[in-house]
Amino acid sequence: MLEPLLFELSDPGQYNDYLPALDVPEAKLDMPARAALPLPEVDEHTLVRHYTRLSHKNFSIDTEFYPLGSCTMKYNPKINEVVASMPGFALAHPLQDESTVQGWLEVLYEAQRILAEVAGLDAATVQPLAGAQGEFCGLLMIRAYHESRGEGKARTRIVVPDSAHGTNPASAARCGFTVTQVASDEHGCVDMAHMREAMGPDVAAVMITNPNTLGVFEKDIEKLTALAHEHGALVYMDGANMNAILGQVKPGDTGVDVMHFNVHKTFSTPHGGGGPGAGPVAVRKILEPFLPTPYVVKQGDRFTFDYDRPQSVGALHGYWGNSGIVLRALTYILRHGSSGLQEISENAVLAANYILARLRGVYATANENICKHECVLSASELRAKYGVSAWDIAKRLPDYGFHAPTVYFPTIVKESLMIEPTETETKVTLDAFCDAMLKIAEEAASDPDLLHHAPHTMPVGRLDEANAARCLNLCWAAPENDSSCQNGTPHDAHREVPQASTY
Ligand SMILES: Cc1ncc(COP(=O)(O)O)c(C=O)c1O
């Protein structure tokens with residue numbers, strides 16, 4: 001059943017006005033009165049029911065298997081939330097005197113220290129608010145490093161393999177660099193011959209995702225970092241896929257100079273709906289002077305924010321960053337300890353290879369390798385034979401109770417389905433998922449239309465996703481006032497009525 005919009009539930013006069021009586025002089029705001037805004041008016045209970053009902057219709061990691069490749073949708077242990085809700089953490093204010101938030105500063109300091117150690121590097125910042133901001137921060141430091149050596153103007157290029165995450169070239173371009181793309185070889189690793197051709201005195205850095213977006217560990221990483229260094233370039237590693245190699249490899253030991261973590265992937269902090277996340281960056285000693293501010297240091301037995309860093313690339317945002325997310329990540333790391341972190345990557349890789357082994361043959365695979373923490377399948381054969389696409393498979397999976405994997409990424413594999421099970425799923429769940437994928441492949445052969453029109457059991461069918469993304473204010477105005485949609489389509493036209501289905 002379609003859920004009514006809050007506007008359709010609106011009953012004028014029913015809103016809850018819980019503001020206490022004024023105990024300060026009234027001040028006029030230079031904005032329209034609330035009553036003039038087209039806001040829905042509902043009582044608290046209706047509001048709670050509305051959002052609770054909507055939440056029940058959502059897929060989430062706490063209700064379903066969520067194998068969204070590249071996103072590491074692992075279970076978020078509740079102990080992280082317990083710790084983050086402790087009043088000393090939850091109620092602190094970023095402008096409090098440092099003497100009153102020593103515990104908080106110790107958390108940030110310990111996170112800096114431990115993440116640097118996990119990376120095999122010398123220092124780390126926990127300031128970046130996301131993986132992509134970590135990339136931006138790392139590249140700013142690389143630029144500052146070359147500038148400090150009088151080579152800022154000469155080094156204008158970043159070399160990025162085509163198996164890198166899409167944010168890598170975007171971050172490089174955002175930092176003002178030009179990007180040279182390097183191809184992958186038949187094993188899904190960087191083509192070293194092509195890499196050699198791409199190098200030159202104008203290269204500021206090689207930016208590599210390892211394991212890459214094909215789920216493959218770059219076996220030539222040491223040769224690659226040596227090659228970059230020979231040319232005076234640095235090596236940035238996108239470490240968002242650390243779930244595959246935690247406790248197995250320290251990127252610093254392979255010659256990497258700077259890397260970011262996605263704590264919201266690797267260390268189990270929540271990241272549904274786009275955030276908040278954190279993308280701490282670890283660096284080699286040569287880059288330490290350029291770390292962003294504030295940077296937490298220990299002086300004697302006290303912790304303090306160090307803002308006096310003349311070569312720093314500066315602040316990335318106001319205050320301390322997404323410290324609550326960093327706290328959750330630290331809780332997770334300390335709870336597991338170093339041997340626990342090792343087990344995480346072993347089990348994540350095992351789970352991905354189990355799925356790969358069960359589905360290989362029925363689905364085409366990106367290459368013949370075993371994979372790291374995620375496997376890339378392709379629906380290209382099913383498409384050629386039966387006209388069934390990766391998209392159709394993704395839309396059919398919710399009928400079996402599973403969130404879809406990532407589709408059409410990595411783009412270098414046609415009709416790709418990128419599956420990342422993570423270490424937190426049981427074998428029973430992995431088997432149920434594989435059974436569903438095998439059944440779907442049978443359906444593709446016997447009744448392709450069943451897949452073309454999937455899903456059949458969801459509250460809504462296939463949505464006009466492009467229009468939903470382009471017409472952001474779709475549901476913001478009351479239906480009768482909705483003149484805001486850019487293409488002028490009436491509000492209700494976007495509300496697809498699901499087809500009655502016999503499936
Ligand atoms: C490999 C990789 N790099 C970078 C990013 C960007 O991280 P964020 O979405 O936190 O900006 C992601 C996101 O999942 C990723 O998977």
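Whatever order the structure lists ligands and atoms in, that order sets their numbers, starting from 1. All values below come from the heavy atoms of this structure, side chains included, with hydrogens, waters and symmetry mates left out.
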Would you say R360 has more than 12 foreign heavy atoms packed within less than 6.0 Å of its CZ? yes
Answer yes or no: does atom CD1 of I79 have more than 12 heavy-atom neighbours from other residues, nucleotides or ligands under 6.0 Å?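 Open: at most 12 neighbouring heavy atoms sit under 6.0 Å from CD1 of I79.
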[atom]: which protein heavy atom is closest, and how many Å away?
atom	result
atom 14 (O) of ligand 1	S70 O, 3.3 Å
atom 3 (N) of ligand 1	D238 OD2, 2.5 Å
atom 7 (O) of ligand 1	N262 ND2, 3.0 Å
atom 11 (O) of ligand 1	A132 N, 2.8 Å
atom 16 (O) of ligand 1	K265 NZ, 2.7 Å
atom 8 (P) of ligand 1	G131 N, 3.5 Å

Could you tell me whether the side chains of [X] and [Y] share a donor-acceptor contact shorter than 3.5 Å?
X	Y	result
D257	H229	yes
D306	T293	no
N243	S345	no
Y145	R149	yes
E415	Y408	yes

For N241, counting its heavy atoms only, list the atoms of ligand 1 lying under 4.0 Å from any of them.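 Counting atoms of ligand 1 from 1, those under 4.0 Å from N241 are 1 (C).
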Atoms in ligand 1 flagged as close to A130, the criterion being non-hydrogen separation under 4.0 Å: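 So the atoms of ligand 1 that pass are 10 (O), 11 (O).
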Is it the case that the ring center of W104 lies less than 6.0 angstrom away from the ring center of F303? no
T209 N/O under 3.5 Å from ligand 1 N/O: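 No.
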Is ligand 1 less than 4.0 angstrom away from at least one heavy atom of E135?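 Yes, E135 has a heavy atom closer than 4.0 Å to ligand 1.
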Can you tell me if H271 has a non-hydrogen atom under 4.0 Å from ligand 1?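 No, H271 has no heavy atoms under 4.0 Å from ligand 1.
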